[in-house]
Participant: 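Have a look at this one before I ask anything.
Remember, it's a predicted structure, so these values are computed and weren't measured experimentally. Quick note on labels: first sequence line is chain A, next is B, and so on, each numbered from 1.
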Number of protein chains: 2
Amino acid sequence: MLQDMPTLTDVAKLAGVSEITVSRVVRNKGPIADATRTRVLSAIEKLGYVPNRAAGSLASSGSQLMGVLLPSLSNIVFPEVLRGIHSALASTGYQPLIGVTDYDLKTEQGIVSSLLAWQPAAIIMTGFDHTDATRRMLANSRVRVAELMDIDADPIDIAVGLSHRRAGFDAGRHLISRGYRRFGYVGHDWDADRRARLRYEGLCTALAEAGLTLEAEQRFAGPSSTIAGRDTLAAMMAKNPTIDVAVFSNDDMAVGGFFYCLTAGIAVKEKLALFGFNGLDIGQSLPMPLSTVRSNRFLIGKIAVEKLLESGERPTEKQIIDTGYEIVAGATA
Amino acid sequence: MLQDMPTLTDVAKLAGVSEITVSRVVRNKGPIADATRTRVLSAIEKLGYVPNRAAGSLASSGSQLMGVLLPSLSNIVFPEVLRGIHSALASTGYQPLIGVTDYDLKTEQGIVSSLLAWQPAAIIMTGFDHTDATRRMLANSRVRVAELMDIDADPIDIAVGLSHRRAGFDAGRHLISRGYRRFGYVGHDWDADRRARLRYEGLCTALAEAGLTLEAEQRFAGPSSTIAGRDTLAAMMAKNPTIDVAVFSNDDMAVGGFFYCLTAGIAVKEKLALFGFNGLDIGQSLPMPLSTVRSNRFLIGKIAVEKLLESGERPTEKQIIDTGYEIVAGATA
DNA sequence: CTGTTAGCGCGTTCAG
DNA sequence: CTGAACGCGCTAACAG
């Protein structure tokens, strides 16, 4: 696509050195006399030389690319992870090559295959659910794999995230300790969102240990959103007006729940407590800061990249990195 | 990085054909007898062959990559554009190679250079501000360039977006026609956000034509956010309690303003009207839907890709595509 | 419809 | 500290 861009050869001729010397200067590799380096650099400058990565990649059978698979871009959480990935990549010369799976394992498989075609240094994926074919392709390649967000299962190489089951459990314990007893759960479609389900299970376990159960439960049959949260809480309250706390599948849903309470004139916390998950900015900027669990999305992306780049080799031992979470007391519960 | 993955040659041997035939089957190019195709495909399947894109790219001096430069991932607007880009790319076999500039032109220049090194089919950028070096690199390459979001200046090849100046102007006219006269403006740092400034200028023009001026103006010295909107409106109201409408630099800021009114007990619309820009979901899910201007972020990304892929050549004529905007009456103004 | 020939631009040897 | 030769895996251009 570039029209006779200058090549290594052109630079080498102009600088009066061999191609490999130019190559070494460009990659900062091997010993180079200062004088030669200067000469080469000025030739590069003069010609506006830009190395051809495809050629480099072919010759070295490797690349400065990092494959990144995200389930969705609609949920703010994933752009935040991407931001963390990008921040760690920025100083390294690696570029993210991204794909979006729409929570579909077959789509994921296709994307993994096209990413692998670029011989990336590593691949970052979300979650532990993959097709057998995906696993096989990954195993046959030498690329390191990080699986993000979740650490409640066995990773391929590296897992970076938090235990959603424990987060749900701790949220439950926290709310019980604050005196809440009549629990309602407001969720979204969790066939796609395995982690929301893990949190739900953790919550139920905590309730069971305290001799409690969910008194109400309402799930929206689509992705999470503020509007879904608002309407789903409305539906639940219509059926079960006596609950004293609503636990939401995440902050988006909970913020919608807050808006519902505002409209319906329900006193938040006194009459109905609200609890979310994620610790999004929007929840914390509400007139009453949302009670929630803060996950560290940015950090997850950042650490994943750092671990992946730590060694050039596929790690011999599986590694699980817990980025933790934090109960945010807030004002709504 | 792949450990002796099978190559075209391996497939060709197994299928008993020449390499080029396999290549043609893989790329769906040129006439192939059905029998041959079947044979080749089953060989590919059997070996788990994955084409090496670097080699393909080198041989054809082109790639199925599309460079995407975004100023930021923190502002929800850009992930939405990326979503549009991705949706249009999904069916084409192209992959987005992304870079984030942090609103810095020198950073942008560096990223353009590394993107160009992959010989992408096209590059998508944001806005019209680039360094001279960036412009030169782009001009020397044969890649098509789309500049998104804005159409208030002269594009390199294609511009896709809306006139922010007109949007600001129309917002002003709209509010004047609703009877508002005492205008306040709540903004964020616009050195980075040229478009927010264009909207501001449009607004001021509309006011001037009606013989009005801004009675108050408060700008937060950082990026836009809900919290910034809340606090900046608070600061403005402390100084100028008599304004009857606050125009915000965008919806994030306006939602924060709404929260401020809630806390301060200010009757929204009766005492103080609020007006945003973007038409984000969060604004529309407020107890009172936010009055704002809807921009079509998803569409901007999608159309950019479609136009870029329309022809394989650099367009001879510059093209400006207006994706328009829409005043959303809402309930806050 | 299929095959042959000849590189694409670079990095990896291995020598000096 | 520098260089020569070779090949990475694929595709363009031309045959047949």
Participant: For B:Ser23, give me all partners under side chain to side chain contact (heavy atoms under 4.5 Å, CB included), at least two apart in sequence or on another chain.
Facilitator: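 Once residues adjacent in sequence are excluded, the partners of B:Ser23 under the side chain to side chain contact (heavy atoms under 4.5 Å, CB included) criterion are B:Leu8, B:Ile20, B:Arg27.
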Participant: Starting at the 5' end of DNA chain C and moving along, which residue's nearest nucleotide shows up first, B:Asp34 or B:Leu58?
Facilitator: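 Between the two, 5'-proximity favours B:Asp34.
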Participant: Excluding sequence neighbours, so at least two apart, what forms side chain to side chain contact (heavy atoms under 4.5 Å, CB included) with B:Asp150?
Facilitator: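 Result, side chain to side chain contact (heavy atoms under 4.5 Å, CB included) vs B:Asp150: B:Phe128, B:Asp152, B:His164, B:Arg194, B:Arg195, B:Leu198.
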Participant: For nucleotides 10-13 of chain C, tabulate all protein N/O to nucleotide N/O atom pairs closer than 3.5 Å, reporting atom names and distance.
Facilitator:
| from | atom 1 | to | atom 2 | distance (Å) |
| --- | --- | --- | --- | --- |
| C:dC10 | OP1 | A:Tyr49 | OH | 2.5 |
| C:dC10 | OP1 | A:Asn52 | N | 3.3 |
| C:dC10 | OP2 | A:Leu8 | N | 2.4 |
| C:dG11 | OP2 | A:Ser23 | OG | 2.4 |
| C:dT12 | OP2 | A:Arg27 | NH1 | 3.3 |

Participant: For B:Ile76, give me all partners under side chain to side chain contact (heavy atoms under 4.5 Å, CB included), at least two apart in sequence or on another chain.
Facilitator: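 Applying side chain to side chain contact (heavy atoms under 4.5 Å, CB included) to B:Ile76 gives A:Ile76, B:Glu80, B:Leu280.
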Participant: Which nucleotide span of DNA chain D, 5' end to 3' end, has atoms closer than 4.0 Å to non-hydrogen atoms of chain A?
Facilitator: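 From 5' to 3', the first and last contacting nucleotides are D:dC1 to D:dG9.
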Participant: Tell me, please, which residues at least two apart from B:Thr21 pass side chain to side chain donor-acceptor pair (under 3.5 Å).
Facilitator: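 With neighbours one apart ignored, the set is B:Ser18.
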Participant: Donor-acceptor pairs under 3.5 angstrom involving side-chain atoms of residues 302-309 of chain A: please list them, not counting sequence neighbours.
Facilitator:
| from | atom 1 | to | atom 2 | distance (Å) |
| --- | --- | --- | --- | --- |
| A:Lys302 | NZ | A:Glu306 | OE2 | 3.3 |
| A:Lys307 | NZ | A:Glu310 | OE2 | 3.4 |

Participant: As an exercise, state the distance from CH2 of A:Trp118 to OG of A:Ser57, rounded to the nearest 0.5 Å.
Facilitator: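 Here the interatomic distance stands at 8.0 Å.
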Participant: Can you give each donor-acceptor pair under 3.5 Å made by side-chain atoms of residues 35-42 of chain A, sequence neighbours left out, with the distance rounded to 0.1 Å?
Facilitator:
| from | atom 1 | to | atom 2 | distance (Å) |
| --- | --- | --- | --- | --- |
| A:Thr36 | OG1 | A:Ala33 | O | 3.3 |
| A:Thr38 | OG1 | A:Asp34 | O | 2.7 |
| A:Arg39 | NH1 | A:Ala15 | O | 2.6 |
| A:Ser42 | OG | A:Arg39 | O | 3.1 |

Participant: Does B:Thr21 put a side-chain nitrogen or oxygen below 4.0 Å from OP1 or OP2 of C:dT2?
Facilitator: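 So the side chain of B:Thr21 is outside the cut-off, no N or O lying under 4.0 Å from OP1 or OP2 of C:dT2.
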Participant: Can you list everything that forms a side chain to side chain contact (heavy atoms under 4.5 Å, CB included) with A:Asp104? Sequence neighbours excluded, please.
Facilitator: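 Side chain to side chain contact (heavy atoms under 4.5 Å, CB included) check on A:Asp104 returns A:Lys106, A:Thr107.
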